[in-house]
Amino acid sequence: MRTLVGWNEAEQADLVGLYLNVGDDAAEVHVGTEAFVAALEAACAERPFPFDVVLMALELDLGDEARTRGIVRTVGEHAPGCPVVIACRAEDVVKLAAYAKVGLPPYVFRDAGGDFLFLLKSTLELHVEAAEAGSEQLAAEQMRAEIESARRFQESVIPEKLPQVPRYELAGRYEPSEIRVSGTKKVRLAGGDYYDAWPMLLPGRLPFSRNECVGLLMADAAGHGMRACLSITALDAIMRFAGEASKRDPGAMLTRVNRWFCRQRVNLHGGSLVTMLYAVLDTKRHRLVWASAGHPMPLLDDPAGGVRPLAKSIGSEPLGVDPNSRYQSRQAFLPPGARVLIYTDGLCEASPPSRPELQFGIEGIGGVLAAHRDRDAAEALFETFVAAHLATDGAGRADDTSAILLTRKG
C-alpha cells in the first residue's frame, strides 16, 4: 500500500510515517499545507497516480474548508477510486459535513493519546479495499450497461411477429444466452441470432406459383457481444436493400449475400462468421425451397414419418469465408399436417455445464415436437425451449437460441 500523508504536527507525523512504512508498504509524509499540496500536485501530474490512498489531517486547513474540499475533488478527478481519508478529532467530526458537495470522505478519529496510530495501517487498508470493491462494482455495472445496450440493438432487428399466410401457421422465438458479471446477477448477452419472414409476390415460373409465398431467413453470427451484433446488423442491411427479384432463388440469393458480406467493412475488420439458411415457402403448392450457408439442417415433423432432417446434410461454408462460394437451392414437399423447424445451434447444443457432451440434440427437439403436435406453433416452440432449458440442469443455454416453426394446416 502506497500512502501520501499530509499532517499538521511534525512530531506525530514522524510516528505516522513509522507505522505506515512497514514491509512492502510505503508512506510519503509531508508536514504543513503547502508541502502537502505541492506533493499532491506533483502526484496528480504522474500517470498513473502513484498512491493507493491519501491520508490528510483535517487540521491542515482550519478555517479554509473550501481548499480542503478542493484537495478531495482533485484526487477524485486525477485518481478515481483512490480514497482520501480524513483524520479528525471526535469533537471536529461535524466539520466533515462541509464535504457533502464532493461526497463525504472516509475518516479516522485522532484521539489525544495517539492510540489511533496502532490501527491506522489496517484502517487505511480497509478503505483501499472498499474503494477497489466499489470500482469493480462500477466497472461491472458499466459492463452490464454496455452488454444491455448491444443486446437491445441486436434484438431490434428481430421481428416481434411473423406474417400469417394462407394454409400455414408461422411462429418465431428468440432467447438470449446469459452470463454472470463480477458476481452480479445474470446478464443477457447480445448474441448473433437473427431471423425474419416476409410475404413475397413472385412471377409464375417454377418452382414458385404466382403469389402466396413467404421468405424465411435464419442466421447465426459466431460468438457474442458487439462483433456478432454488428455482423448481424450488416446482414440485415444487405437483406433489406436486396431487390425483390434477387430473393426468388435461395441459392443465388445466398451466393450474392456472401459476396456482399465478404466486402462489408464489418467483416473485413474483425466481424463474425455467419451461418444462414434462406428459404421460400410456396403455400399454394406446399413446397419449401431453401439454401444453407453452413447452417443446421431444418427438421421436418411429419405425422406419418416422425421427426427427421428435412434432407441429407451437405457441406457448405458460412458467409464471409470465401467470396467465390456458391450455394445451391434444394426443395421439399410438405405433406398435410407437417411442420418444419428452422433453428440455430443454441437449441440443439443445450447441455449441463458439467456434462457438455449431454446435448439436447435433434432427438430432444424431435421428442418435444412429436409430443406437442396438437399445440399451435407458438406453444410448441415454447415447450421446446423449456425442454432445452431443462436439459441444462437450470444453468441456462450458453448460446443464444432462435427458431421458426411453420405448420401446414391442411
Side-chain angles (χ1 to χ4, degrees), residues 1-139 142:
M1 181 176 65
R2 299 160 300 171
T3 308
L4 176 63
V5 181
W7 214 251
N8 65 311
E9 297 176 2
E11 184 177 349
Q12 196 172 64
D14 291 338
L15 291 174
V16 169
L18 181 63
Y19 279 96
L20 296 182
N21 282 293
V22 178
D24 294 331
D25 295 333
E28 185 178 305
V29 183
H30 299 272
V31 180
T33 302
E34 300 307 323
F36 171 65
V37 171
L40 180 63
E41 291 176 348
C44 288
E46 294 187 36
R47 295 291 184 274
F49 190 74
F51 298 100
D52 301 306
V53 60
V54 176
L55 174 64
M56 182 172 61
L58 184 64
E59 288 82 353
L60 271 179
D61 261 336
L62 283 177
D64 192 356
E65 293 171 346
R67 186 177 186 187
T68 312
R69 290 198 304 270
I71 291 174
V72 176
R73 184 184 295 109
T74 297
V75 175
E77 293 173 351
H78 289 82
C82 177
V84 177
V85 181
I86 305 296
C88 68
R89 304 187 190 282
E91 61 269 23
D92 293 329
V93 69
V94 67
K95 296 178 180 178
L96 293 177
Y99 293 86
K101 293 182 179 180
V102 293
L104 187 66
Y107 57 90
V108 295
F109 285 132
R110 294 174 62 182
D111 60 280
D115 292 337
F116 77 96
L117 292 169
F118 294 105
L119 297 175
L120 184 58
K121 179 175 179 293
S122 59
T123 301
L124 293 180
E125 288 175 343
L126 288 174
H127 287 307
V128 170
E129 291 173 2
E132 290 176 348
S135 297
E136 290 176 358
Q137 181 65 25
L138 178 60
Q142 290 174 337

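The shown structure was predicted, so the numbers you read here are calculated from the model rather than taken from an experiment.
Partners of R110 by salt bridge (charged side-chain N to carboxylate O under 4.0 Å, His left out), not counting sequence neighbours, listed by chain and number: E9, E59. With sequence neighbours left out, F116 forms a ring-ring contact (aromatic ring centres under 6.0 Å, His included) with no residue at all. Under the side-chain hydrogen bond (donor to acceptor under 3.5 Å, both in side chains) criterion, H127 pairs with no residue at all, not counting sequence neighbours.
D25 places no side-chain N or O within 3.5 Å of a backbone atom of L20 that could act as its donor or acceptor partner.
Residues Y19 and L120 fail the side-chain proximity criterion, which asks for heavy atoms closer than 4.5 Å. L40 is not listed as a side-chain neighbour of F51, based on a closest heavy-atom distance of 4.5 Å or more. V53 is not listed as a side-chain neighbour of E125, based on a closest heavy-atom distance of 4.5 Å or more. A heavy-atom distance below 4.5 Å is not found between the side chains of W7 and F36. For the pair E41/V37, a side-chain contact is recorded, criterion being any heavy-atom separation below 4.5 Å from C-beta on.
Across all their heavy atoms, H30 and A39 have their closest contact at NE2-CB, 3.3 Å. Taking both residues in full, the closest heavy atoms of A43 and P50 are given as O-CD, 3.5 Å, listed atom of the first, atom of the second, then distance. Closest non-hydrogen pair, A87 versus L55, comes out as CB-CD1, 4.2 Å. When all heavy atoms are compared, the tightest approach of A13 to V31 is CB-CG2, 3.6 Å. The nearest pair of heavy atoms linking N8 to A57 is OD1-CB, 3.6 Å.
The one candidate from V128, T3, L124 that meets the side chain to side chain contact (heavy atoms under 4.5 Å, CB included) condition with V85 is L124.
Here the CG-CE distance, from D24 to M1, works out to 11.5 Å after rounding to the nearest 0.5 Å. Atom NZ of K121 is separated from atom CG of L126 by 10.5 Å, given to the nearest 0.5 angstrom.
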